[in-house]
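Keep in mind that this is a model prediction, so the values were computed, not measured. Below, chains carry the letters A, B, ... as their sequence lines are ordered, and counting in each starts from 1.
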Amino acid sequence: MTSRIIYTHDYLQQLPQAFRQHLLKNGLNKEYGKDWEDILNKEYSETWRVENLVLSHWKILCRYAHTPGEALAEFLVGLREGRLLGTRCSGCGRVLIPPRLFCEWCLREVSDWVEHSGEAFVSTYSLAYIGTDPGVRLAEPNIVAVLWFKDTVKETPSSKTVLHAAGLMHMIRECRPEDVRIGMRVKPVWRPVEQRRGSILDISHFKPAGE
Amino acid sequence: MTYFRSMLPMTSEEMVFEAVRKCLDDAGLDAGDVDAVVCGSAPDAFDGYHHKGLVAVEPSGAFAKPFSRVFVGGGTGVGVTISGWWHIASGLFDKVLVVAWEKMSHPYPHAQPLFRSIFEPILEQPLGPNLIWIFALEMRRYMERHRLDKELIARVAVKNKANAMDHPYAQLGAKITVDDVLKSPVLVWPVHRLDISPTSDGAVALLFASEHEAKKITDTPVWVDGVGACLDSQYWTNRDLSYPYYVYLAAQQAYKMAGITNPLKEIDVFEPYDPFTYKELHHLDALLGKPGLAPQLLKEGQLERDGDHPTSPSGGLLGVGNPIAAAGLMKVAELYWQLSGRAGKRQVPNAYVGVAQAWGDLMQVGQVVVCRA
Amino acid sequence: MDIESQYEYPAGVALSKFLEGLRNGKIIASRCEKCFSKHVPPRAYCLDCFKPINEYIEVDPVAEVQTYTRSRLLAVGETGEEIVWVFVRFVDTLGGLLHMLDTATTPRIGLKVKPVFREKRVGSIHDIKCFTAAD
Ligand SMILES: [Zn+2]
Ligand SMILES: [Zn+2]
């Protein structure tokens with residue numbers, strides 16, 4: 001059988017305040033362990049037999065503040081102004097979006113900034129029927145795509161198999177899921193100036209550019 | 001190896017012990033005979049305690065010996081193999097134990113929120129991604145390039161789950177049909193539920209020995225003939241996802257060492273990494289160095305266990321299970337069983353040369369090992 | 001960005017026996033069939049013989065303080081009452097436990113101590129209220 005360590009109210013009452021708080025804060029009174037119920041009835045080990053499996057529950061909360069770094073900070077400031085910025089490597093001539101201050105092909109510093117119109121085409125796309133939490137089903141799928149910016153596609157000097165393109169992952173809207181095509185031309189839809197925060201979401205989405 | 005299951009009632013430490021003890025028993029050795037240990041496991045967040053690599057020290061008999069943990073994302077299972085080979089090839093050690101394990105049943109209710117943290121925090125996280133997005137995007141691009149349909153790709157799941165029925169430790173061996181795959185729920189189109197390998201618990205251990213020691217241990221050693229490793233750029237939105245060029249480069253390194261010039265002709269068993277159906281074909285393309293060839297071979301039935309180019313005869317991650325690092329090492333273990341003639345019901349006839357490969361992170365890791373009987 | 005992760009841990013082969021023991025007010029050790037070494041908390045295999053262990057026995061609840069420290073810092077990040085934390089090893093066994101010493105006892109390395117069990121028990125390390133002097 002399996003049994004769970006459940007810190008019931010009357011159990012917690014007998015603990016010193018500090019431990020009581022510590023256990024409660026880590027959410028230990030939750031319903032958990034249900035999936036484990038009949039685990040011991042299945043084949044699980046050639047070494048041991050477990051008669052009574054004890055389960056416990058724990059929680060870890062990690063909070064992060066990410067700094068964008070120099071290149072992305074510049075990029076985000078650009079987004080707030082409705083401009084799509086990239087860098088250009090003077091070695092191989094590639095336009096780098098997301099921008100970086102070095103080129104990983106030439107392994108050299110990159111300092112030239114360029115502005116791009118934002119016109120792009122679909123490199124690939126998918127239709128997400130589940131949310132960020134995969135347990136949530138969406139009635140209408142989100143169109144998730146990798147967009148490659150116009151006139152930035154380049155082959156490596158040594159290979160015809162490896163391409164580079166300035167590109168971003170973003171959402172496509174104002175388009176029916178069944179109408180999306182690889183190669184389809186799209187353009188960014190910017191949020192109103194007063195709503196921009198210096199975030200990738202300052203571009204609300206991409207939409208078909210039409211012919 | 002241990003059973004691969006969605007949940008195992010042992011701790012990570014106990015799972016590692018079970019795999020290691022079986023490996024040593026099989027080799028007729030004891031922990032004291034091992035000179036060094038290389039271990040591999042996914043990030044600590046999956047287990048929920050820090051520096052979890054250390055739980056493998058005692059159950060692998062690594063106490064008071066050189067011990068290291070290797071991590072190259074999903075490629076770790078083959079990455080540890082390569083590192084194990086380096087240990088021996090350097091001449092510093094005669095017997096090295098390689099062990100990989102994963103306990104994916106710890107995260108509650110699911111490991112998905114942890115996988116999600118693979119996305120870049122400034123430009124990608126704000127879009128609210130989940131892990132399956134990157135697979136769906138890669139799969140769609142791959143399908144477009146070679147004009148592949150879902151029906152064909154679904155046959156990988158049918159084949160691998162059927163192969164896994166003959167694997168004594170498999171989690172998801174089953175007789176299913178292409179229709180079952182296509183009718184399973186769409187998660188992120190084109191990915192359906194049955195295109196995806198399960199989350200699993202499990203551990204695998206292998207013993208690496210120098211040439212003179214190996215001959216003392218067994219009459220049927222399997223030799224590591226070539227290794228290759230390659231990483232592509234982290235900027236995945238700047239790359240063409242239709243061909244894993246980094247896997248091709250890793251394979252070329254391994255083939256050069258092994259003296260292989262025509263992999264399709266010279267390799268008898270393929271174990272490419274198959275966390276998703278299309279990934280087996282995608283990777284096999286790169287192992288063969290011919291974009292689009294793998295789907296063609298699949299269509300002709302040549303990837304079946306009794307076909308000309310048996311691929312994932314183990315049952316792969318789709319059938320045996322996907323305890324991340326352990327899954328890659330399971331593929332190398334399958335090469336050992338196949339090439340030493342010990343694969344039982346899964347045995348591929350005339351198996352002398354095999355290749356195993358694992359892949360990971362943001363579609364950028366290629367790890368390849370070539371073995372010979 | 002926040003990452004909240006929750007975990008369900010199976011205590012596994014050996015610790016499940018131990019926690020079940022605590023719930024019953026007992027200290028359970030593992031014993032190697034080959035070298036007879038005993039471990040508290042129990043282990044599923046013997047480190048020396050490198051063989052699986054399947055034998056579990058109840059041991060006398062008498063332990064010896066190996067080392068100790070005093071702390072006012074709590075996990076929640078606040079300071080509170082001073083607690084004496086002791087690392088104790090049960091007599092005639094290997095391994096050891098981290099726990100609290102009752103406030104009336106003066107800690108000393110080598111001091112013989114015994115566990116004080118709580119009245120209500122659920123199979124948690126908290127089922128031991130603290131350790132106290134053995135006599
Ligand atoms: Zn450059
Ligand atoms: Zn022993």
So, the part of Tyr169(B) with a heavy atom under 4.5 Å from chain A: the answer is side chain
If the plane angle is over 60° it's perpendicular, under 30° parallel, otherwise tilted; pick one for Tyr278(B) and Tyr142(B).
tilted
Can you confirm whether the side chains of Glu124(B) and Trp236(B) place a donor and an acceptor under 3.5 Å from each other?
yes
Please confirm whether the ring centroid of Trp58(A) lies under 6.0 Å from the ring centroid of His22(A).
yes
Considering only heavy atoms and a distance below 4.5 Å, find which of Thr132(A), Thr152(A), Ile200(A) pairs most often with chain B.
Thr132(A)
Quick check on Arg140(B) against chain A: is it the side chain, the backbone, both or neither that has a heavy atom closer than 4.5 Å?
both
Counting heavy-atom pairs under 4.5 angstrom with chain A, the leader among Gln112(B), Met139(B), Gln125(B) is Gln112(B)
What part of Phe119(B) lies closer than 4.5 angstrom to a heavy atom of chain A: side chain, backbone, both or neither?
side chain
Out of Ala166(A), Pro98(A), Pro68(A), return the one with the most heavy atom pairs under 4.5 angstrom to chain B.
Pro98(A)
Heavy-atom distances under 4.5 Å only: say whether Glu120(B) touches chain A with side chain, backbone, both or neither.
side chain
Side chain, backbone, both or neither: which part of Ile97(A) has a non-hydrogen atom closer than 4.5 Å to chain B?
backbone
With a 4.5 angstrom heavy-atom cut-off, which part of Asp35(A) approaches chain B: side chain, backbone, both or neither?
both
Taking only Lys NZ, Arg NE, NH1 and NH2, and the carboxylate oxygens of Asp or Glu, determine whether Arg21(B) and Asp30(B) approach each other closer than 4.0 Å.
yes
What part of Thr67(A) gets within 4.5 angstrom of chain B, counting heavy atoms only: side chain, backbone, both, or neither?
backbone
The interface call for Leu72(A) against chain B, heavy-atom contacts under 4.5 Å, is side chain
Distance-only side-chain donor-acceptor flag, Asp240(B) / Tyr245(B), under 3.5 Å
no
Under 4.5 Å from any heavy atom of chain A - which part of Thr2(B):
neither
Qualifying residues under ring pair (Phe, Tyr, Trp, His ring centres under 6.0 Å), relative to Phe19(A), sequence neighbours excluded:
His126(C)
Against chain A, label Met10(B) side chain, backbone, both or neither, depending on which of its atoms sit under 4.5 Å from a heavy atom there.
side chain
Interface check, chain B: of His170(A), Arg181(A), Glu43(A), Arg94(A), most non-hydrogen pairs under 4.5 Å belong to Glu43(A)
Pick whichever of Ile132(B), Asp232(B), Leu123(B), Leu127(B) has the most heavy-atom pairs under 4.5 Å with chain A.
Leu123(B)
Geometric class of the Trp105(A)/His164(A) ring pair [parallel <30°, tilted 30-60°, perpendicular >60°]:
perpendicular
Does the side chain of Glu18(B) come under 3.5 Å of the side chain of Ser45(A) through a donor N or O and an acceptor N or O?
yes
Residue from Ala145(A), Ser126(A), Gly69(A) scoring the most non-hydrogen pairs under 4.5 Å with chain B is Ser126(A)
Contacting moiety of Ser105(B), where chain A heavy atoms sit under 4.5 Å
both
Toward chain B, the part of Leu79(A) with a non-hydrogen atom under 4.5 Å
neither
Report the option among Trp148(A), Phe75(A), Phe149(A) that has the most heavy-atom pairs separated by less than 4.5 Å from atoms of chain B.
Trp148(A)
If only side-chain N and O atoms count, and only distance matters, is there a donor-acceptor pair under 3.5 Å linking Asp47(B) with Ser12(B)?
yes
Start with the C-alpha gap between Gln171(B) and Tyr3(B), add the side-chain angles, then the distance that decides, and say whether side chain to side chain contact (heavy atoms under 4.5 Å, CB included) holds.
CA-CA 8 Å; Gln171(B) 178 177 344; Tyr3(B) 290 108; over 6 Å; no
Looking at Ser184(B) and Leu194(B), would you say the former's side chain and the latter's main chain have a donor-acceptor pair under 3.5 Å?
yes
Test: Arg5(B) cationic atom under 6.0 Å from Tyr44(A) six-membered ring centre, within 45° of axis:
no
Could you check whether any side-chain N or O of Asp285(B) sits under 3.5 Å from a backbone N or O of His282(B), counting only pairs where one atom can act as donor and the other as acceptor?
no
Contact class of Leu168(A) relative to chain B, heavy atoms under 4.5 angstrom:
both
For chain B, find which of Met171(A), Glu104(A), Glu46(A) contributes the most heavy-atom pairs closer than 4.5 angstrom.
Glu46(A)
For the candidates Lys22(B), Met15(B), His110(B), Met143(B), which exhibits the highest count of non-hydrogen atom pairs separated by less than 4.5 Å from chain A?
Lys22(B)
